[in-house]
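First the structure, in the form of structure tokens, and then the observations on it.
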Amino acid sequence: MNNNKSYKRHTVTAALPYANGPIHIGHLAGVYVPADIYVRYLRQKGKDVVYICGSDEHGVPITIKARQENKTPQQVVDYYHHLIKDAFQEFGIAFDVYSRTSADIHHETAAAFFTTLYDKGVFVEQESEQYFDEENQQFLADRYITGTCPHCGYESAYGDQCESCGTSLSPAELIKPRSVISGNSPVMRKTRHWYLPLDKYEPMLREWILENHKDDWKPNVYGQCKSWLDLGLIPRGVTRDLDWGVQLPLEGTEGKVLYVWFDAPIGYISATREWAAEKGVDWKPYWKSPDSKLVHFIGKDNIVFHCIMFPTMLHAEGSYKLPDNVPANEFLNLEGDKISTSRNWAVWLHEYLQDFPGKQDVLRYVLCATAPETKDNDFTWKDFQARNNHELLAIFGNFVNRTMVLTHKYFDGRVPEAGDMTDNDRETLKNMAAFPAKIGESLELYRFREALAEMMNLARLGNRYLTEEEPWKKFKEDPERVKTILNICLQVCASLSVLSGPFLPFTAHKLQEMLGVPARAWDEGGRSDLIAPGHQLNQPAFLFEKVEDEQVKAQLEKLMQARKDNQSDEDAKPFKETTTFDDFAKMDMRTATILSAEKVPKTKKLLKMTLDTGIDQRTVVAGIAEFYNPEEVVGKKVVVLANLEPRKIKGIESQGMILMAENPDGDLAFVKPEKDFENGSTIS
RNA sequence: GGCGGGGUAGCUCAGGUGGUUAGAGCGUCGGAUUCAUAACCCGAAGGUCACGGGUUCAACUCCCGUCCCCGCUACCA
């Protein structure tokens with residue numbers, strides 16, 4: 001049913017990297033390495049395939065970064081676009097096109113896409129109130145508003161999230177909001193936006209995903225989609241008030257752009273158009289013809305966009321086909337911790353290429369072997385070393401080297417002719433012939449780890465055969481026999497040079513040069529006549545070198561340094577701005593005793609408590625349930641901010657706030673008077 | 001709290017419409033070997049398949065409950 005043979009062409013996309021930082025091993029293992037292996041395999045199968053990627057260059061974070069660095073957004077994306085593009089290229093990720101969303105062709109494509117949907121009446125138009133900076137005459141995106149976090153009191157919280165306590169916010173919740181641009185307090189003003197009514201397309205999505213792709217999508221992808229569909233979809237805004245991005249192609253909408261999640265996936269289409277124009281072919285069949293297979297490689301954080309929103313857009317547009325598969329991977333950790341750009345806890349591709357020149361294939365191998373296909377996985381440098389030294393080098397490299405050295409020693413590097421075959425010879429050749437189909441099957445099911453292990457089994461087959469036949473013992477009495485043995489070993493080497501291609505392109509090429517054989521199609525990989533008798537081999541050279549302990553140690557030290565730098569940053573949480581005595585005096589803080597406490601149902605963090613303040617009894621809700629059980633809290637002496645404006649939380653009115661101390665690890669502890677004062681005592 | 005994914009040998013992972021001794025690679029130990037980058041090859045040890053119930057002639061595989069990890073989501077005065 002999903003046999004690749006029934007498809008005329010393949011359109012393969014890899015998630016567009018966001019151009020505000022470099023690429024790290026998590027991106028590679030999750031998306032680019034598997035996608036690259038898949039594409040190289042298809043190409044070797046002789047398929048018509050286009051491999052699409054590019055930089056995602058719009059959105060608010062880039063404009064913020066530009067402002068911080070005193071640059072234009074274009075300068076920021078130019079820098080990262082080239083850094084990313086060059087690193088991919090050097091690493092051997094063989095995109096047919098690596099485009100960018102700031103390119104003209106993308107602006108055109110995305111605007112036209114929007115117009116088509118607009119003309120079809122797909123969108124819902126709605127007015128809402130948003131913060132507006134009067135001095136600069138512009139609406140403020142969530143990230144452009146800063147203010148005091150209502151939760152932790154941090155004074156530089158953003159409109160969408162507080163970076164101090166991690167709470168997600170909406171701009172209206174911020175206390176004392178300020179515009180990041182002018183520093184002024186913004187005002188609420190009406191603005192108009194366009195929404196994609198995902199709810200209307202729910203039946204289509206249900207049938208397409210839940211019924212048609214029950215069996216061929218990965219469980220994590222299918223499950224995530226089902227979860228979204230069962231929760232019920234709601235309209236999603238596709239426009240934003242911002243001056244960086246694709247302008248809305250409508251009259252009177254200056255200052256409005258497409259929201260990035262609408263804009264970015266269209267980037268796949270724009271990139272395809274760019275490629276097609278250069279090549280002089282028609283791009284449309286790659287996206288619109290039912291006999292094209294469309295596959296999106298992404299990480300698990302992108303599932304909803306690629307399985308729900310983008311397909312809805314394509315469907316609503318009307319002339320596109322929907323993706324055939326979205327093989328999303330889980331996440332890769334590094335030395336036991338989450339990879340984090342802001343904490344600099346990562347192995348950056350451009351740094352790896354510097355530290356390990358010429359070792360692209362080693363990283364490709366390790367990342368494929370430990371790819372988080374079914375669950376999160378951990379990358380460690382020790383594992384990197386072991387896989388290089390004990391697998392790539394000891395099994396693959398060593399087999400090739402043994403064969404080459406023996407052939408040079410006994411036959412001056414000329415391929416000997418095979419004579420009469422023994423059972424073992426025939427068995428070995430028969431086994432070898434099965435590899436292209438076996439590996440290919442795994443690849444077509446997106447089981448890259450399995451496929452890689454199978455490829456290595458071919459090298460194992462060679463090693464076993466060579467050891468069993470012991471040509472170094474037989475050469476004196478029976479040189480004719482040795483000719484046959486080495487001929488067979490060389491055929492295995494030649495097969496390896498074909499079948500390792502998708503996984504280890506640099507190594508495959510090097511091996512082909514060493515053997516003096518051309519690149520071959522995938523299905524020729526198991527043949528026993530890939531290298532002809534009498535053919536002169538080149539000198540043997542090592543395919544892989546040992547990774548030494550010192551190199552591993554250096555990488556680990558680099559990471560430890562990052563961790564150290566990071567910790568010292570965190571410990572030094574800066575003081576807040578100076579406040580006035582008058583402001584302080586406005587706060588009425590009292591000692592109180594907790595009379596009763598219970599967990600608020602259906603929440604993880606909330607505790608509902610009754611306090612005796614000495615003056616009254618009141619209800620307070622606090623987010624401390626992760627640190628205190630209701631039972632252990634009762635009877636505790638606490639300090640409460642008693643004149644804080646009451647607020648409803650989960651339907652319960654909270655009349656005040658209990659003062660808590662928080663350490664750098666995020667642990668909470670009650671603040672309480674040192675002596676056991678009666679309830680209602682004032683704090684000043 | 002709701003939802004999704006996952007918890008299988010020291011490590012990284014396969015597996016199964018329920019059925020003889022639960023698999024692989026790496027690591028460890030032993031043997032054999034010397035063509036090879038002390039590598040290859042052979043063999044062994046290692047697992048109450050997270051935990052507790054249930055269904056069954058039979059469960060790691062199905063059902064119920066619990067715990068732990070990751071993600072999405074709600075919540076945090």
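Here is the naming used below: chain letters follow the sequence lines, and residue numbers restart at 1 for every chain.
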Quick check: A:F310 with A:F305 (ring centres under 6.0 Å apart)? no
Expressed as a whole number of angstroms, how long is the span from A:Y365:OH to B:C26:C1'? 9 Å
Any base atoms under 4.0 Å from A:P219, or only sugar-phosphate, or nothing? Heavy atoms, all strands. sugar-phosphate
Provide, to the nearest angstrom, the distance between the CD atom belonging to A:E330 and the C1' atom belonging to B:G71. 7 Å
d(CG, A:L332; C1', B:G6) in whole Å: 16 Å
Provide the distance between the two C1' atoms, one in B:G30 and one in B:G18, to the nearest whole Å. 38 Å
With B for base contact, S for sugar-phosphate-only contact and - for none (protein heavy atoms under 4.0 Å), nucleotides 8-14 of chain B reads S---SSS
Please check if any side-chain donor atom of A:R460 sits under 3.5 Å from a side-chain acceptor atom of A:N457, or the reverse. yes
In chain order, what residues pass the side chain to side chain contact (heavy atoms under 4.5 Å, CB included) check against A:K409, with sequence neighbours excluded? none
Of A:A386 and A:F331, whose closest RNA chain B nucleotide lies nearer the 5' terminus? A:A386
Once you round it to whole Å, what is the distance between C1' of B:A24 and CD of A:E391? 11 Å
All side chain to side chain contact (heavy atoms under 4.5 Å, CB included) counterparts of A:A418, not counting sequence neighbours: A:M421, A:T484, A:N487
Protein-nucleotide distance (A:E470, atom CD; B:A32, atom C1'), rounded to Å: 10 Å
Between B:C70 and B:U34, how far apart are the C1' atoms? Round to whole Å, please. 48 Å
State whether A:K300 places a side-chain N or O below 4.0 Å from either non-bridging phosphate oxygen (OP1 or OP2) of B:G4. no
Test side chain to side chain contact (heavy atoms under 4.5 Å, CB included) applied to A:L556 - qualifying residues, sequence neighbours left out: A:E335, A:W381, A:V552
Could you pull out every donor-acceptor pair under 3.5 Å between side chains of residues 537-546 of chain A and any protein atom, sequence neighbours left out?
residue, atom, partner, partner atom, Å
A:N538, ND2, A:E513, O, 2.6

In whole angstrom, give the distance that lies between atom CG of A:L452 and atom C1' of B:C26. 13 Å
Euclidean distance for P, B:C69 against B:U55 (whole angstrom): 32 Å
Rounding to an integer number of angstrom, what distance separates B:C40 and B:U33 when you compare their C1' atoms? 9 Å
Under 4.0 angstrom, heavy atoms only, what part of the nucleic acid is A:K338 near: base, sugar-phosphate, or nothing? sugar-phosphate
Side chain to side chain contact (heavy atoms under 4.5 Å, CB included) filter on A:Q551, not counting sequence neighbours, yields A:F356, A:K359, A:V547, A:E548
For a quick check under 3.5 Å, do A:E373 and A:N329 share a side-chain donor-acceptor pair by atom type? no
Dot-bracket notation for RNA chain B, counting Watson-Crick and G-U pairs under 3.5 Å, with | for partners on another strand: (((((((..((((.....[...)))).((((.........)))).....(((((..]....))))))))))))....
How would nucleotides 34-43 of chain B be written as a contact map, 5' to 3', with B for base contact, S for sugar-phosphate-only contact and - for no contact, using protein heavy atoms under 4.0 Å? SBBB-SBSS-
Would you measure the distance from the C1' atom in B:G4 across to the matching atom in B:A14 and give it in whole Å? 22 Å
When syn is taken as a glycosidic angle within 90 degrees of 0, is B:G27 syn or anti? anti
Please tell me whether A:T428 and A:D425 have a donor and an acceptor in their side chains that are separated by less than 3.5 angstrom. no
Please determine, by modelled atom types, if A:Y365 and A:E391 share a side-chain donor-acceptor pair under 3.5 angstrom. yes
P atoms of B:G54 and B:C41, separation to the nearest Å: 48 Å
Rounded interatomic separation in angstrom, taking CG from A:L233 and P from B:U73: 14 Å
With A:K226, which residues qualify under salt bridge (charged side-chain N to carboxylate O under 4.0 Å, His left out), at least two apart? A:D230
Using the C1' atom as the reference point in each nucleotide, state the distance between B:G52 and B:C67 in Å, no decimals. 10 Å
Whole-angstrom distance between B:G2 and B:U66, as gauged at atom P: 9 Å
Could you state the atom-to-atom distance from CH2 of A:W228 to C1' of B:A74 in whole Å? 12 Å
In sequence, state the C-alpha distance, the side-chain angles, and the governing distance for A:F331 and A:I339, and then conclude on side chain to side chain contact (heavy atoms under 4.5 Å, CB included). CA-CA 9 Å; A:F331 286 158; A:I339 292 178; over 6 Å; no
Results of ring-ring contact (aromatic ring centres under 6.0 Å, His included) for A:F448 - residues two or more places apart only: none
Residue list, salt bridge (charged side-chain N to carboxylate O under 4.0 Å, His left out) with A:K483, at least two apart or on another chain: A:E480
When you compare the protein's N or O atoms with those of nucleotides 61-67 of chain B, which come within less than 3.5 Å of each other, and at what distance?
none

State which residue, out of A:K438, A:R447, A:R449, fulfils the salt bridge (Lys or Arg N to Asp or Glu O under 4.0 Å) condition with A:E454. A:K438
